[in-house]
Student: 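Okay, handing you the structure first.
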Amino acid sequence: MIRIEKLHKSYPIGKDSLHVLKGIDLHIKEGEFVSIMGSSGSGKSTLLNIVGLLDIHDEGDYYLNGQLIKDLNEKKAAILRNKFLGFVFQSFNLISYKTALENVALPLYYKGMNRKERLKVAMDYLDKVGLKDWASHLPNELSGGQKQRVAIARALVTNPKVVLADEPTGALDTTTTDSVMDLLKDINDEGMTVFVITHEEEVAEQTKRIVRLRDGIIISDTPTKAAKAL
Amino acid sequence: MFDLDRWREIFQSINKNRLRSVMSGFTVAFAILLFTLLFGVASGLGNFFKSAFADDAQNMMFVRVWKTTKPYKGLQTGRAIQLKNTDYNYITEEYEDKIQYQSARVYKNFSIKYKNDASSYSVTAVHPDHQFLEKTIMDEGRYLNERDLREKSKVIVIGRLVKKDLFGEKPALGKRVNVNGSSFLIIGIFSDEGGDNEERKTYIPISTAQMMYGNNDYISQINLGYNPNLSTDAAIAFGKKVERDMRKKLNIHPDDQSALSVRNMAEANKFVSILMFALYLIIGFIGSGTLIAGIIGISNIMIFVIKERTKEFGIRKALGATPGSIIGMVVQESVLITTLAGYFGLMLGTYILSAIGNSLEEKYFIKDPTVSPGIVIGATVILILSGLIAGYVPAKRAARIKPIEALRAD
């Protein structure tokens, strides 16, 4: 599903440049539940941005769903994101003046689906995350856990190939963290490829494979106990 | 542009950010309001100038004579100049193609009597064309015609107020009045936009007057309407030529203004049109300055708005919004606000102008200030364009923001 070969990425800082990713090789198959671990500055966010087509890599090859990602203009990137990727962010990133239902339906708007149909599909996904009764609420009327579940519903609504979660539990307490992770596990069990970035050991333990990054290189890539238990 | 979903997104965004939308709309509405008022006042001034000359035909010229003030060819100064029928006919033959209307005038003041009511009125002896030169409006009956002139008929056309003085509300047409001892038949009653004095006049055929009062062929003044196809400059040149030729014919010094002069409306028209041109130039400059200030105002607000919405655009982009769709959304919102607000300003301005109406005519020379449809259409186009510009520049910037940067902005 995701294949990365000898990936390099630097950011210019004044005259110098900061070499963030120093040759990453990573292969994630369809249906995997992978977490990227690393302290801040290890390059994990950069990696997610590149995988999420939110940023461009300098060197190496990146294949998404078998397609080589190269010389992508913004429009093509937007279409690919809409088609293949679902995002879950640490700070939820819901649009404040839209209801939960409208937030979930938004990716379908960019897909070109008509309003009636997309609200129906969005409602199905809200139901799936257990928030059907909260459909007409604005984000500020929801708890953190609820917001994140709305965001997960939004990430799933286009039926993407990969769900990318950037510190999905970073802003949540322990109980809600567990419920959000359970939700991600359920999604994975249904066959969805899930790619989580986290610095929390407990969160990573609940995925099936942990890739550890340090200073821009992969230092370990191991299946978790949860995976071995299967 | 006609994507219903897009409109729904825009209305939602405007509705959820009412204060912001109203503020940006206000800038534009105010700019357009000022623009409309400026142009309305300018057109009001123009209307006043035009109406100041509305009494007579715009293409009028008159040849007037008095006494010589310069000796010429052995003739002394102080010689009284008298126009005659031959001078009238000379003009007819000489300048036929440059003249639309022509009439002579002989001024008299007579007592006009009906039954026991009598009063003194100005009686002007004229040719039939005089009706068009003076813009006489016939309320009842008819004006003088060629047959009256040929037969030297004793007929008279009286002003509305003359009729009112002598007849009150009773009918006057077909009645006979006594003019300086002779009986005249009333064939018409007229009104005139020139005011009360003009409506206290009466007209009789010039041939009748010449026969009855002195049996001569004297004329007080010759009025001409130059061919309206002549340009203003050509009409002015024509007036100068008539002046030169007539002085030569009557043995007057070429520079003797007092002895014979031609007063030409074309010169006044030219003055008015230069004045109006200058006025519109100034107003146009100030007006477009106001509009530009309005556009810059809304542009500024849009920049602020976009900064405020950076994160939202980042989210939208992460979810699959193309840069084009972001630009389209912002521009459309901006065009909608500018157009609605501008239209409001335009309507308010038009309403104020119509409320002003003619109330400022006396003191400020502003008559019936309105904005022409051309200006309205022009302003509408400018509005939509300004909305496009005001939205496009910041929208382009918004679309260029990378989603990661936008999402980081908390």
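Naming: A, B, ... by sequence-line order, numbering from 1 per chain.
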Student: State, yes or no, whether a side-chain contact exists between K317(B) and L54(A) at a heavy-atom distance under 4.5 Å.
Tutor: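 Side chain of K317(B) against side chain of L54(A), heavy atoms only: no contact under 4.5 Å found.
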Student: Relative to chain B, which of Q90(A), K83(A), E102(A) shows the most heavy atom pairs under 4.5 Å?
Tutor: E102(A)
Student: Identify, with sequence neighbours excluded, every residue that meets side-chain hydrogen bond (donor to acceptor under 3.5 Å, both in side chains) alongside E167(A).
Tutor: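 side-chain hydrogen bond (donor to acceptor under 3.5 Å, both in side chains) list for E167(A), sorted by chain: H199(A).
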Student: Taking every non-hydrogen pair under 4.5 Å, which of K76(A), K111(A), K75(A) racks up the most with chain B?
Tutor: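 Top option by heavy-atom pairs under 4.5 Å: K75(A).
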Student: Check the surroundings of atom CG in L142(A): do more than 12 heavy atoms from other residues, nucleotides or ligands lie under 6.0 Å from it?
Tutor: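 Correct, the count exceeds 12.
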Student: For A78(A) and A321(B), work out which heavy atoms get closest and say how close.
Tutor: CB-O, 3.5 Å
Student: With a 6.0 Å cut-off (strictly less than), is the heavy-atom count around OH of Y392(B), excluding the residue itself, greater than 12?
Tutor: no
Student: More than 12 heavy atoms of other residues, nucleotides or ligands under 6.0 Å from OH of Y280(B): is that the case?
Tutor: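 Yes, because the 6.0 Å sphere around OH of Y280(B) holds more than 12 heavy atoms from other groups.
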Student: Give, as side chain, backbone, both or neither, the part of R316(B) having an atom under 4.5 angstrom from any heavy atom of chain A.
Tutor: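 Interface part for R316(B): both.
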Student: Apply the test side-chain contact (heavy atoms from CB on, under 4.5 Å) to residues E74(A) and T322(B): give CA-CA distance (whole Å), side-chain angles for both, the deciding distance (0.1 Å), then the verdict.
Tutor: CA-CA 7 Å; E74(A) 284 229 43; T322(B) 57; over 6 Å; no
Student: Is it true that a side-chain atom of N93(A) and a backbone atom of I315(B) form a donor plus acceptor pair closer than 3.5 Å?
Tutor: no
Student: With the side chain counted from C-beta on, respond yes when K311(B) and S96(A) share a heavy-atom pair under 4.5 Å apart, and no when they do not.
Tutor: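 They are not in contact (no side-chain heavy atoms under 4.5 Å apart), so the answer is no.
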Student: Which region of F87(A), side chain (C-beta onward) or backbone (N, CA, C, O), has a non-hydrogen atom less than 4.5 Å from a non-hydrogen atom of chain B, or is it both or neither?
Tutor: side chain
Student: Grab the two heavy atoms, one from G320(B) and one from Y110(A), that are nearest each other, plus how far apart they are.
Tutor: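 Looks like O-CB, 3.7 Å.
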Student: Output, in order, the C-alpha distance, side-chain angles, deciding distance and verdict of side-chain contact (heavy atoms from CB on, under 4.5 Å) for L319(B) and R81(A).
Tutor: CA-CA 7 Å; L319(B) 299 181; R81(A) 277 199 294 272; over 6 Å; no
Student: Supply the atom-to-atom distance L94(A) CG to E312(B) CD, rounded to the nearest 0.5 angstrom.
Tutor: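 Result: 12.0 Å between the selected atoms.
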Student: Take a 6.0 Å sphere around NZ of K270(B) and say whether it holds more than 12 heavy atoms from other residues, nucleotides or ligands.
Tutor: no
